[in-house]
Protein chains: 2
Amino acid sequence: MSGPERRLLTFSAGAPHWPDEVLAAAAAEFTAFRGTGLAVPELGHRTREWATLQEEIEGRFRRLAGVPGDREVLLLPGGPTWQFALLPMNLRSPGTSADYVLTGHWARKAFDAARATGPARLAASGEADGFSRVPSPETWQVDPSAAYLHVTTNNTVYGTWMREIPVDLPAPLVADATSDLLARRLPLERFAVVYAGAQKNLGPTGLTVVVVRRDLLDRAPGGLPPILRWRDHAAARSRLNTPPTVLAWLLGRMLEWIEEEGGLDEMDRRTRERARIVYEALEAHPDVYRLPAAREDRSLVNVVFRTRDDATDRELLAAARARGLVGLEGHRSVGGLRASMYAGMPIAGARRLASFLHEFAERSPA
Amino acid sequence: MSGPERRLLTFSAGAPHWPDEVLAAAAAEFTAFRGTGLAVPELGHRTREWATLQEEIEGRFRRLAGVPGDREVLLLPGGPTWQFALLPMNLRSPGTSADYVLTGHWARKAFDAARATGPARLAASGEADGFSRVPSPETWQVDPSAAYLHVTTNNTVYGTWMREIPVDLPAPLVADATSDLLARRLPLERFAVVYAGAQKNLGPTGLTVVVVRRDLLDRAPGGLPPILRWRDHAAARSRLNTPPTVLAWLLGRMLEWIEEEGGLDEMDRRTRERARIVYEALEAHPDVYRLPAAREDRSLVNVVFRTRDDATDRELLAAARARGLVGLEGHRSVGGLRASMYAGMPIAGARRLASFLHEFAERSPA
């Protein structure tokens with residue numbers, strides 16, 4: 001990479017833009033970890049060096065995210081889809097059911113995984129609205145005997161998010177917060193469980209953070225292999241078996257950067273600022289851009305939009321790529337366009353995108 | 001890292017020594033992947049670039065390991081312990097049992113995980129011999145109606161391995177080959193399933209390769225969430241959900257190095273040469289070193305040994321560390337000493353260890 005003009009800026013929902021300084025620091029440390037004489041992938045997970053590093057990472061995550069003291073923090077391999085399966089296995093005691101709020105593509109995957117292994121029902125669904133809005137908590141019909149109530153705090157495919165996290169629900173609240181944890185201030189004390197794939201705001205793909213209230217760990221039934229049981233991972237401090245050390249180390253580098261940049265307050269501020277910049281650019285050209293999500297439920301991390309037709313969408317993608325802006329395709333299940341801006345995206349990146357959107361609209365025949 | 005004298009040589013069983021040239025190439029590529037303008041962790045798993053890279057990695061693995069054409073190759077997140085659980089869920093059809101050969105610590109974990117979710121029995125056990133030898137295949141009592149017969153081709157904790165892989169067994173043979181796949185020539189056509197955590201010979205921790213005969217994929221019962229089902233991973237070409245891209249890329253770098261160095265023939269030769277060098281050094285001092293594994297079943301990747309007592313073991317560890325040789329502790333379940341030499345360990349590394357072992361023995365009072 002010889003200069004900034006050769007570096008693309010990705011707005012992909014799956015693998016986000018990484019800050020240059022995190023990449024450079026990681027590349028430098030990879031071959032020689034902190035004067036140990038070992039490279040990062042050579043660090044054994046049973047060594048004192050690894051124990052120290054992992055404690056640092058967990059401690060920093062707890063501070064940054066505001067994790068209450070009675071929660072375990074687990075670092076588990078695999079993306080959040082693995083937790084879609086493990087969650088009901090661990091929390092849905094025999095004879096109980098689980099409630100889900102259906103707000104989009106990933107919420108449905110979570111619901112389907114729960115239905116595969118036992119009773120699950122919908123407490124609310126946004127399907128009738130094409131998932132353009134998140135059903136208001138007042139309308140949810142929660143089964144008070146449900147093992148838990150599952151929500152998706154941000155819907156990457158449809159570009160909506162939960163504005164407010166409700167309190168005093170009749171069942172323990174469980175959230176997939178993959179795409180907004182550490183991108184905005186979430187009141188973690190309101191959730192019995194929060195899990196998040198690291199691949200948006202926290203770093204690399206293939207690692208999931210699970211924050212679980214300690215008293216819930218005993219719900220897991222017998223007849224579950226230890227590796228599928230959160231309780232066993234908690235007791236083993238996420239080293240029940242060989243963990244993905246390189247991924248945990250990358251997560252740590254990203255958390256360090258977030259802390260240095262000002263922590264969660266600053267990430268929350270940047271998220272709002274980036275979204276404001278891009279939504280304003282889109283709204284300035286209502287003849288060119290359409291925004292399918294209901295204004296009040298709009299996600300501030302995934303800006304979902306379209307032009308007048310698929311051909312123009314493709315033109316926009318090509319023009320953006322020519323300007324070094326990539327990853328703007330909508331999810332393959334819905335098509336269209338999408339700008340995903342997670343914690344690592346600089347405000348300047350949002351400005352570059354906004355300039356491009358203005359320019360494209362101005363030269364595009366209405 | 002300013003010079004070779006500051007670089008330690010690790011003989012750890014868990015996180016192996018990495019060739020310097022692989023580390024350097026990975027660090028260089030990490031921030032700028034092949035002129036794409038993106039860093040490795042920014043590569044989306046749905047992009048053409050990623051599809052190309054993954055095909056390269058799988059193709060190279062197939063060539064190197066000699067994977068028969070009717071096998072699927074899956075790259076799954078998590079260490080092999082995850083497959084201990086998934087294997088019986090996927091291959092043990094309702095009403096069938098699974099057979100296991102108990103040859104050590106990890107074989108027992110695999111067996112226990114199978115017992116947690118259904119019927120499993122032992123076809124053979126080396127426990128009466130303290131796992132110092134692998135029960136000969138002629139003595140195995142295999143249930144011909146078993147869904148499969150599970151073996152561990154190399155036992156890292158006890159330092160034994162299967163010299164020969166039997167043919168014409170009455171049940172499909174399944175192997176955990178985590179510690180010897182690509183360290184020696186294994187006849188993959190004799191196995192219905194072979195799986196291996198990447199963290200020994202193939203690269204990073206947190207990733208497992210599963211090689212499964214295609215016709216077996218249909219055995220998985222309903223009522224299993226897709227993410228726990230090999231068939232679904234196969235159909236989605238290991239991209240059922242967001243995969244651990246950085247780990248797969250590192251695996252690819254290691255495979256590329258193995259191929260450049262001469263492939264499996266050369267890895268097999270080096271494994272035998274390294275083991276010869278270290279066992280000879282140990283056997284030259286029978287008054288100082290003890291080798292608990294039966295000679296004919298000795299592992300050529302994990303050399304397990306002891307000195308006369310724990311205090312001398314600790315002295316040896318300290319003296320080795322002072323010479324830049326680390327990771328020689330035995331597994332925490334058995335204590336003692338162990339030198340693990342996987343594909344990335346140079347012959348010169350085995351020689352350094354042998355010199356040290358001679359020197360330590362000569363100055364150590366008998």
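We name chains A, B, ... by the order of the sequence lines, and we start the count at 1 in each one. Worth knowing before you read on, the calculation uses all heavy atoms, side chains too, and leaves out hydrogens, waters and symmetry mates. If you're wondering where the values come from, they're calculated on a predicted model, not measured in any experiment.
- By the 6.0 Å contact criterion, CZ on Arg34(B) is enclosed, its count of non-hydrogen atoms from other residues, nucleotides or ligands being greater than 12.
- Heavy atoms of Ala24(B) lying under 4.5 Å from chain A belong exclusively to its backbone.
- Shown here for Ala15(A) and Pro41(B), the closest heavy-atom pair between the two residues is CB-O, 3.6 Å.
- Per-residue heavy-atom pair counts under 4.5 Å with chain A were compared for Phe33(B), Phe84(B), Phe30(B), Trp50(B), and the maximum is reached by Phe30(B).
- Neither the backbone nor the side chain of Leu240(B) comes within contact range of chain A; no heavy atoms are under 4.5 Å apart.
- What you find for Pro225(A) and Ala113(B) is that their closest heavy atoms are CG-O, 4.2 Å.
- Contact count against chain A (heavy-atom pairs under 4.5 Å) is highest for Pro16(B) among Pro226(B), Pro16(B), Ala198(B).
- Of the listed residues Ala26(A), Pro244(A), Gly203(A), the one with more heavy-atom pairs under 4.5 angstrom with chain B than any other is Pro244(A).
- Counting heavy-atom pairs under 4.5 Å between each of Arg115(A), Arg46(A), Glu29(A) and chain B puts Arg46(A) at the top.
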>> For a side chain to side chain contact (heavy atoms under 4.5 Å, CB included) check, start with the C-alpha distance between Thr36(A) and Leu8(B), then their side-chain angles and the critical distance, and finish with the verdict.
In response: CA-CA 8 Å; Thr36(A) 55; Leu8(B) 299 182; 5.8 Å; no
> Hey, mind stepping through Glu42(A) and Arg7(B) against side chain to side chain contact (heavy atoms under 4.5 Å, CB included) and telling me if it holds?
Replying inline: CA-CA 11 Å; Glu42(A) 295 177 331; Arg7(B) 173 129 169 77; 2.8 Å; yes
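- With respect to chain B, the highest number of heavy-atom pairs below 4.5 Å among Ala248(A), Pro80(A), Ala114(A), Gly223(A) belongs to Gly223(A).
- Distance check, rounded to the nearest 0.5 Å: CG of Leu247(A) to CG of Leu250(B) gives 8.5 Å.
- With hydrogens and angles left out, the side-chain atoms of Thr205(A) and Thr245(B) include a donor and acceptor closer than 3.5 Å.
- With respect to chain B, the highest number of heavy-atom pairs below 4.5 Å among Pro77(A), Pro204(A), Gly206(A) belongs to Pro77(A).
- Put simply, CD on Gln199(A) and NE2 on His45(B) are 8.0 Å apart, with the number rounded to the nearest 0.5 Å.
- Only the backbone of Pro243(B) comes within less than 4.5 Å of a heavy atom in chain A; its side chain stays farther off.
- To the nearest 0.5 Å, atom CG of residue Asn241(B) and atom NZ of residue Lys109(A) are 9.0 Å apart.
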>> Show, in sequence, the C-alpha distance, side-chain angles and deciding distance for Thr31(A) and Trp18(B), and conclude whether the side chain to side chain contact (heavy atoms under 4.5 Å, CB included) test is met.
In response: CA-CA 10 Å; Thr31(A) 56; Trp18(B) 283 58; over 6 Å; no
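- Summarising the local packing, CZ of Arg237(B) is surrounded by 12 or fewer heavy atoms from other residues, nucleotides or ligands at distances under 6.0 Å.
- Between Ala39(B) and Leu23(A), the shortest heavy-atom distance links the atoms CB-CD1, 3.5 Å.
- Between Leu228(B) and Met89(A) there is a side-chain heavy-atom pair separated by less than 4.5 Å.
- Rounding to the nearest 0.5 Å places OG1 of Thr47(B) at 9.5 Å from CD of Glu329(A).
- The part of Arg332(B) that comes within reach of chain A is its side chain, from C-beta onward, which places non-hydrogen atoms under 4.5 angstrom from that chain.
- Only the side chain of Leu86(B) comes within less than 4.5 Å of a heavy atom in chain A; its backbone stays farther off.
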